[in-house]
Structure formats: structure tokens, C-alpha cells
Amino acid sequence: MTDAAKKPPTRETHLSKTYAPVEVEARRYEQWVADGRFKAADDSDREPYCVVIPPPNVTGQLHLGHALNHTIIDAAVRRERMRGKEALFLPGTDHAGISTQNVVERQLADKEGVSRHDLGREVFVERVWEWKDTYHERISSQMKKIGDGVDWSRERFTLDDGLSNAVQTIFKRLYDEGLIYRAERIINWCPRCMTALSDIEVEHQDDAGELVSMRYGAGEDSIVVATTRLETMLGDTAVAVHPDDERYRHLVGTTVELPFTGRRIPIVADAHVDPEFGTGAVKVTPAHDPNDFAIGQRHGLDSILIMDERGVITAHGPFEGLDRFEARSAIAAALRAEGRIVAEQRPYMHAVGHCDRCDTVVEPRLSKQWFLKVERLAKAAGDAVRNGETKIYPPEMEKRYFSWVDNLLDWCISRQLWWGHRIPIWYGPNGEELCVGPGEEAPEGYTQDPDVLDTWFSSGLWPFSTLGWPDETPALEKFYPTATLITAYDIIMFWVVRMMMFGTFAMGRAPFKEVYLHGLIRDKHGKKMSKSSGNGIDPLEVVDTYGADALRFMLARDAQPGSDNTASIELAEISRNFCNKLWNGTRFALMSGATVDGGLPSEPSLIDRWILSRLSRTVEAVDAFLDDYEYAKAMDALYHFAWDDVFDWYLELTKPVLAEGGAAADGTRRVLGHVFDQLLRLLHPVIPFITEELWLELTGGEERGESLTVAAWPRPAGGDDEAERLVAALQHLVVEVRRFRDGQGVKPSQAVAASLTGLDAAGLADQEPLIRSLVRLDAPAEGFEPTAELAVSDQVSVALDTSGAIDVAAERARLTKALKAAEKELDGTTGKLGNEAFLAKAPDAVVDKIRARKATAEADIARVTAQLERLA
RNA sequence: GGGUGCUUAGCUCAGCGGUAGAGCGCUGCCCUUACAAGGCAGAUGUCACUGGUUCGAACCCAGUAGCGCCCA
């Protein structure tokens, strides 16, 4: 035998002693992009797998919620790429109309002291584009840092030419089908953003206001109404009561004088009035309240706007020029002076709508706006899920989806902004209205509607506009409908429903086969993370400190369908530790001569069979979990396989074998190489950087232009029950001996003479040298006199000479405890088996199991009792 | 007010009808040349409460309380 065959070949590695992510990550990402690893082809024969990114706001920055979202998407796409699909993670950003315009306006005001009106529309929009270009770079670099494997050549922006064309195209189609119309309605108006909002851009918060009851008119014919928005009384055009309300029946049809205005307003009967609320009489302000508007329509009442677009009172009279909240107090004072205030309830908690962009109290306001008629579109969007065309994960989220799609009201799509897609409607000199499609021109003398469309109108087209629609592009042909949409559940109504509506309308097919809705990120106290509450964790800081892989692993190992994620910096540290363990485990395997050359041995040893079986079971589990978006469970399975099976046991078990050298060592080195090869593949979708670095080192594939990004995803090779059973017995034996040694205060490094009996019967005879090596048991020398005997199982026992007095008390305490546990088990099982009803009704399998447990308990009691007696 | 979800070890969460689990934290021992960002061993629970169904309930049903989310 040559020296080379005898000694395990060790390998030089240039892997550092601890894992240094920052150095590895930037280099790897650049290489992947340079090698086109994330580029998808439109013309391949591979099955398509496409996920479009939920477009972040182009002028924003990524927070942990994005990091979670991107991790899940990226892991899904990377896995499918490894499974041989034509995988496309399609990136892009949206223009975020209101918030971007707000930010730029604020900056102009602060730095230059000018408003957008000073600059004019054209110049202002140019300035926003400059702003966009600057911030776009920030988003892209953040995505690169967290490892998003996107096809950068396909990146889109909601305001780019192609997507603008898509917006104009669908607008025209919807308009021509009568699904887009202009109407005067009560809409949500933000007096600060000075634009209309859709219903879902209004956030309701419970605010402490006041409920004021006041008397209109005087004497017999007077009536008391209550309101939280006192200032709107200037626009009242009626008082309404329920038609069956006896208290007011005599007043219906009469009029009452409205204070300050000199107007007489009618008292009308309307069945929608709740006679239980307040006095049962309500003031009616059709121009400033949706319910009042409906009453106004039914009774032919006037609508009087009393404020301008900034919320300043315009009604003639003493309150003109006051802000709406100043007017509220001024009117209260004036009413009080006239003795009209009947009651005041303060504080009065009630839901108040706020602008979700700037938190200003929203003013319901009569206004002429463009609307999308949603009934038909929403029906199709709902049906796509009902008939299984699109499957929602987790299924509980369907309820949330249906509750939106089935109760949708017409969508106000016009915004009084300059940053966005301008509405393609032109008005003629004689009041003509013309919708201009792509490539068409409005006639001379026409002027375009000044408003732009809601940002969500363009993001609703995202799954097909980004693939080239309305052109029939190869990309659209290949990748639509996309495989899955992955996004947080709080965006169902904003985005998911709208893409489903537009997708079914424009394409005739729903845009996704599956929708996976993940949770939100909260801090460790369960609070939603936000900048304002100061509990936000910046994902880029985590990347700089612990690495992108640690960030991704942290997020993925906590991602359970249907529940929110808790994040804290400690969790990132735990994940970093896992990466470091993986690094060192692989480094050790390499130094031990792990190799992927030569294939697996034809007759693997018991421990090799065992780890291959564990590997196969792990592959099966991981696949099943990932197919159901069970990331937390998949990560848990991998974590335990890696750390418990591979690092804690297998590496230790191979040490003596490899030190011995020879044919056995040669086989083990190949199994070792295979196990790490497969483990790194399994982990790659979630922690791509470190796995790529290690895998290339293991396989030497870099010179051959290989990459883990396109390596084949593992397949289960089959379990080995016998090997698992035998190694479990071996582990049990090892743990028992260690526990005994520990209890006796024997140092781990101290060798102890011992004889082992019964290994044959346990099927572990061949493993004796391995066992001795693991727990430092020397062969008994001549004149061996054991001082203690350990009954490890029915079959195996270990006699040891601990070279000194046995700590009888410690051992007795331990055995007594074991005895008590066994007795409790015996009691429980005996009780069950003595129960006629249990024997009669429980399934046979359960009864058998209880019988087996009883037998085990009895054997344990006998064994432990004997040992206790021997100790005495 | 209407929906909806949650309550399991100190913390974050799995388990969802047949021996209560994981990670972190905690205790003791160990710098055993892969890793102290580590190793070995160990302790830890009236599974929110009250009833019910069942041979058997953390798990199913009903109610109560607390917390959260969505919508008005």
C-alpha cells in the first residue's frame, strides 16, 4: 500500500477560516450578471417560469418587507431554473404618482422656494424625471446587494414608452366598451395633495372629535341635528328623517331656516336615515358627504360646494376664507352665541378618513372625475379564482380576495397631478369628448384633459405590459400567463385584484397560475415596522454586517404562509452563524479530501448509507414544502439536516474512517463530496452567494465555466430504513456513554478503558472501533476491572473503569429519574390497556403502539432497577 | 359596529384527535488542530379561561377574556 492510498489526501483550500460575506458577494453577483445567468430566452424549448416583481416605488428604498418578498421570489425562480425551466424574474419599478410628486414639490419648495406652478407643467415633469433617474440607481444597487437574480435586460418602468403605450391602449379599449366614464360624484379629496383619491387610498383612523347637536329653526317647527363636521352645515340643503319616525312626521314637507345663510331648507323623509342614531334627524350636505349625496339624488336637492380645493370655506358669509377646521370652531362659537347648541359630546371617537400618502384628513367632495366601471371586470377576476384558473396560497387568503373583488365599487382613476400617464381624452371647442388611442392625434383646436391616471392603473397592467403588450411579442407568448405572483397580503386590493381584472380583460386569461401571499414584517414585539416608530431594520445594514445570505436565510426561515414575520437583529446573527457553520463544515470536508469525482461507491459503508438516506429524505421534504411555499419548514429541514446530521454526526463519524485511509476512506470521501454537493444545491436558492463560493471550490467547476445557479436540482435517491435504524442505535449508545461520562465528571479528552458487550446482537459489531473512537473508550488492558456498568439498551451494555471512585449519588439520581419516567409511562399505558372502551374503539394500530410502549417501559424498569441494585 | 385571525417553554414560533416540539436564551463541562459565530451534556410547559363532544382533546364544537388585522 502506498502512502497516498493510506493517508487521506488533504486539499489546499483558499477558504478563509471565518466566512467573510462582503468580499464574496459583490464578486459573485457581478460574475453572475456578466455570465448572463439570470437572462431568460424567449425562444427556448424549456418550460417557462416567470415571476414579475411587485414594482417598488422608483424613488423609495427597499425595506425589510421588500427583502422578504424578493427573497421568496428569488428563491422560487432560482429553484425552478435549477429544475431546468426557462426561469425569469422580471424587474422594474413604478412611478408612484402622488408620493413622488409630493417629494419633488417639497424639495423644490425647500431648496429653491418655487412651486410646480412657478415652473409650469413641462419643466416640472422634467425635474421629476431627473429625480427619478437618480433614485432609480439606488433601488437597483439595493436589489443587487440582496442578490436578486433578475433579468436586468428586461427591466421596466411604469412610465417608460412601452408601458405608457400599454396604458393608452387599454384606456382606449375600456373607453370604447363604455367601461370608462366621467361623472360628478362624491370622491375622496386630499386638500394637501390637491387631488382625488380612490377609496382604498383613504385610511380610516379612530380620531377624537366632537359630536355637536344643534337646533335648526325655532319653536314648534325647529329640529335638532347632530354632526362631527360642523362646518359642512353651510352647505346643507335639507334635513332628513325616517318616514316612519312619529316624532318628526308632522314636520316632513315643511321647511326650516338654516342659520347664518338665510336659506330655508326642506325636511324630507328618507328610509336610509337611522332613527336610532342621535335625534333621528340628520342634516344633508349633498356636496360633501356620500350618503347625503345619495339622499340629495333621491329628493332632487341642490348640491352646494362650500370649500375650495385647499379646504378653505368659499360660502358667502362671515366664515369665508377660513380653513375648514378654523371654520368648525368659528361656527360652533356663532351657534353657541345664538343659543342653538343643544348638546356637545367630547371627545367623540369616530372613524376619520386620512390620505394614505400625507395623513391629511380627507374631504368628501363633489367633483367631476373619471371612473372605471368595475362590475364586469371584477366578476371575471373573481371567477378566475373560483374556477381554479388561478390558485391562491394560502387558501385562507381567498376569503380576503373575494371580499374585495365581490364588493368593489367603481374606481376613481383620475388624479389632479402632473406626474403620471396623462388621460388620453381630448375636448373639442364645442364640448366634444374624444378618446385618442396610441398613434392617433386629436384634431386641431382640441385640448387634452389635464389630469393623470392613478398609478395603480398602470401597475395593474404589469404582468403583461412588461412582457411587451399590446404587441404580440415572443416574450408575451412565452411567459404569459406568469407562473406565480408573490406579494404581501396587504396589497390584495390595491394591486392583485387590479391585475386580475386587467389581465382577464386584456388577455382573456388571468395573469398568474398561482398567487402566493406572504406576511408582513413586524418587530419582535409584534409591531409593524415603520420609520416613524423607529423600529425599522434596514436590510442593507444587515447585508453589510452579516451578509445577504444571512438576511435571506433569516427571512426565509421565518416565512410561514398566512402569518407575519418577526424580525430582529438577533435573528440575523443566528442566520450568520449558520452560514459560518456551513462554511467551516465544507472547508473541513474539503480538507478531508471530499470529492465529487468518481461517483458514489458501489458498496457504501453503514454511515455512508445512513447519510445518503438522510439526504434523500431531506430532498423529499424540502421539495414538498417549497411546492407549497412553506419556506420556514423547508429551511428548518435543511437547517437540521445540515447541522445535526451532517456537521454534528456525519463529519464526526467520518473522522476515524478517513484517518484510517484505504478503500473505506476512499468511498467515504466520495460520499462526503456528494453530500456537500447536494446540500449546497438545496441551500442555493435561499443563500446563493456562500453556496456558489463553496460549491465551485468543492467541484473545481469555475475553470469549466460552471455555476451552481444552473446546476441540476437534487432528486431523492431513496431511503434506507436499516441504515437509519442502526445508526440511531449507535447514536443512542454514544449519547448514553457521553452522558455517563459527563455525569461522572470525566473530561472529554480523557480516555477510559471499557468493554462493550452485545454489539453483535444490536448489529453494530463492525462499528466498535468507530464507537470507541467517538467516546474515547480504550480497549480493556490486562487485569481490567470495571467500576461501573451501563445498560444502554436491551442488548448493549458498557463496562467501564473510570479509574477512581464512582460518583454514586450522581448516577443514582440519574437512574432514579429514568426509573420514575419509565414507571409513569408504564402507569399510563397500563391504564389505557385496562380500559375496555379504549380497546373496543381505538384503531388497532394505536392499541398496538400502546402495547409496544408498555413493553418498552417494562424492559426499561427492569434494566434500570438492575443497574440501581448493582450500584448499591 | 361588521368581519377575520391569534393566545403552546423566558423570547420567536411549529404541532391541529392517540408519548408536548424547534430555534434562540438558560445551566454545567470543554479552547478535543473545521468552526468559541463552536462542541458535549442538561433543565424548562395547569398548550388563555369555562363548558361540551370523544375510549382519548393543545388539536373538534360552543361561550368568555385579552391582543391583532381588515372593513365601515
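We use all heavy atoms of the structure for the numbers below, so side chains are in, but hydrogens, waters and symmetry mates are not.
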Next item on the list: Give the intermediate values and the outcome of side-chain hydrogen bond (donor to acceptor under 3.5 Å, both in side chains) for residues A:Trp695 and A:Asp677.
Entry: CA-CA 7 Å; A:Trp695 188 79; A:Asp677 168 72; 2.6 Å; yes
Checklist line | Atom-to-atom span, CG of A:Asp206 to C1' of B:rG1 - whole angstrom | finding: 11 Å
Margin query: Rounding to an integer number of Å, can you tell me how far A:Gln750 CD sits from B:rC40 C1'?
Written below: 15 Å
Notebook entry, point to check: Do the numbers put A:Lys655 on top of the ring of A:Phe588, so that NZ or CZ is under 6.0 Å from the six-membered ring centre and no more than 45° off the axis?
Noted result: yes
Next item on the list: Could you walk me through whether A:Leu653 and A:Leu730 pass side-chain contact (heavy atoms from CB on, under 4.5 Å), step by step?
Entry: CA-CA 11 Å; A:Leu653 290 167; A:Leu730 183 153; 4.1 Å; yes
Check: Taking the side chain of A:Ala842 as heavy atoms from C-beta outward, which of B:rC55, B:rA37, B:rU12 is closest to it?
Finding: B:rC55
Check: Which part of the nucleic acid does A:Glu825 contact within heavy-atom distance under 4.0 Å: base, sugar-phosphate only, or nothing?
Finding: base
Notebook entry, point to check: Given that A:Glu573 and A:Gly585 both sit by RNA chain B, which one's nearest nucleotide is further toward the 5' end?
Noted result: A:Gly585
Checklist line | Nearest atoms (heavy-atom pairs only) where A:Phe676 meets A:Gly585 | finding: CZ-O, 3.7 Å
Next item on the list: Indicate, with a heavy-atom threshold strictly under 4.0 Å, whether A:Lys817 touches base, sugar-phosphate, or nothing.
Entry: sugar-phosphate
Notebook entry, point to check: OP1 or OP2 of B:rG42 less than 4.0 angstrom from a side-chain nitrogen or oxygen of A:Arg739, does that happen here?
Noted result: yes
When you compare the protein's N or O atoms with those of nucleotides 3-8 of chain B, which come within less than 3.5 Å of each other, and at what distance?
unit_1: B:rG5; atom_1: OP1; unit_2: A:Lys399; atom_2: NZ; d: 3.0

Checklist line | Separation of the P atoms in B:rG3 and B:rA9, to the nearest angstrom | finding: 31 Å
Note to self: Give me the distance, rounded to whole Å, that separates B:rA14 from B:rU33 when you measure between the P atoms they each carry.
What the structure shows: 41 Å
Notebook entry, point to check: Atom CZ of A:Arg814 and atom C1' of B:rA43: how far apart are they, to the nearest Å?
Noted result: 15 Å
Check: Would A:Lys633 and A:Asp628 pass as an ion pair if we require N to O under 4.0 Å?
Finding: no
Check: Between A:Lys824 and A:Asp827, is there a salt bridge with N-O shorter than 4.0 Å?
Finding: no
Check: What integer number of Å spans the P atoms of B:rU64 and B:rC70?
Finding: 24 Å
Next item on the list: Using whole Å, report how far CG of A:Asn565 lies from P of B:rC13.
Entry: 9 Å
Next item on the list: On the 0 to 90° scale, with breaks at 30° and 60°, tag the A:Phe647-A:Trp643 ring pair as parallel, tilted or perpendicular.
Entry: perpendicular
Margin query: Tell me whether A:Arg814 is salt-bridged to A:Glu811, with the criterion being a basic N under 4.0 Å from an acidic carboxylate O.
Written below: yes
Item checked: A:Trp411 six-ring centre to A:Arg498 NZ/CZ under 6.0 Å and within 45° of normal -> yes
Item checked: Minimum-distance nucleotide to A:Asn580 side chain [options: B:rC40, B:rC55, B:rA37] -> B:rA37
Notebook entry, point to check: Between A:Leu408 (CG) and B:rC70 (C1'), how many Å, whole number?
Noted result: 15 Å
Next item on the list: Please work out if A:Ser403 contacts a base, only the sugar-phosphate, or nothing of the nucleic acid, heavy-atom cut-off 4.0 Å.
Entry: nothing
Notebook entry, point to check: Has A:Lys581 got a side-chain N or O lying under 4.0 Å from the OP1 or OP2 atom of B:rA34?
Noted result: no
Checklist line | Separation of the C1' atoms in B:rC55 and B:rG23, to the nearest angstrom | finding: 37 Å
Checklist line | A:Tyr650 and A:Asp608 side chains, donor-acceptor separation under 3.5 Å | finding: yes
Next item on the list: Could you check how far CD1 of A:Ile690 sits from P of B:rC35, rounded to whole Å?
Entry: 15 Å
Item checked: Under 4.0 Å protein heavy-atom contact, by nucleotide of nucleotides 22-33 of chain B - B base, S sugar-phosphate only -> SSS---B-S-B-
Margin query: Would you say A:Gln560 places a side-chain N or O within less than 4.0 Å of OP1 or OP2 belonging to B:rC13?
Written below: no
Next item on the list: Can you measure from CG (A:Leu683) to CG (A:Leu582) and round to the nearest 0.5 angstrom?
Entry: 6.0 Å
Note to self: Rounded to whole Å, how long is the line connecting atom CZ of A:Phe838 with atom P of B:rC55?
What the structure shows: 12 Å
Item checked: Cationic N near anionic O, under 4.0 Å, A:Glu620 to A:Arg617 -> no
Checklist line | Nearest-angstrom distance, P atom, B:rU19 to B:rA62 | finding: 26 Å
Margin query: Any base atoms under 4.0 Å from A:Lys849, or only sugar-phosphate, or nothing? Heavy atoms, all strands.
Written below: nothing
Note to self: Between P on B:rC40 and CZ on A:Phe647, what's the gap in Å once rounded to a whole number?
What the structure shows: 13 Å
Next item on the list: Answer with base, sugar-phosphate or nothing: what part of the nucleic acid does A:Asp564 contact at a heavy-atom distance below 4.0 Å?
Entry: nothing
Next item on the list: Please evaluate the base of B:rA41 for a donor-acceptor partner in the side chain of A:Arg738 within a cut-off of under 3.5 Å?
Entry: no
Margin query: Just to be sure I understand the rule, does A:Leu839 reach a base, reach only the sugar-phosphate, or reach nothing, if contact means heavy atoms closer than 4.0 Å?
Written below: nothing
Next item on the list: Would you indicate, yes or no, if B:rA34 has its OP1 or OP2 atom less than 4.0 angstrom from a side-chain nitrogen or oxygen of A:Thr18?
Entry: no
Item checked: salt_bridge(A:Arg739, A:Asp742) N-O dist < 4.0 Å -> no
Notebook entry, point to check: How far does the C1' atom of B:rA22 sit from the matching atom of B:rC29, given to the nearest Å?
Noted result: 24 Å
Next item on the list: Determine: side-chain N/O of A:Lys832 to OP1/OP2 of B:rU19, distance under 4.0 Å, yes or no.
Entry: no
Next item on the list: For A:Asn577 and for A:Lys633, find the nucleotide of RNA chain B with the closest heavy atom, then tell me which residue's nucleotide is more 5'.
Entry: A:Lys633
Check: If you measure from the Lys or Arg side-chain nitrogens to the Asp or Glu carboxylate oxygens, is any gap between A:Glu201 and A:Arg357 under 4.0 Å?
Finding: no
Item checked: A:Phe578 and its ring pair (Phe, Tyr, Trp, His ring centres under 6.0 Å) partner, picked from A:Tyr19, A:Tyr546, A:Phe553, A:Trp583 -> A:Phe553
Next item on the list: Looking at every strand, decide which applies to A:Asn835 at a 4.0 Å heavy-atom threshold: base, sugar-phosphate, or nothing.
Entry: sugar-phosphate
Notebook entry, point to check: When only distance counts, do a donor and an acceptor, one from the side chain of A:Glu652 and one from the base of B:rA34, lie under 3.5 Å apart?
Noted result: yes
Note to self: Would you measure the distance from the C1' atom in B:rC47 across to the matching atom in B:rG42 and give it in whole Å?
What the structure shows: 23 Å
Item checked: Duplex segments of RNA chain B, taken as runs of at least three Watson-Crick or G-U pairs that stay under 3.5 Å -> B:1-7 with B:65-71, B:10-13 with B:21-24, B:26-30 with B:38-42, B:48-52 with B:60-64
Checklist line | Distance, P atom - from B:rG5 to B:rA58, rounded to whole angstrom | finding: 22 Å
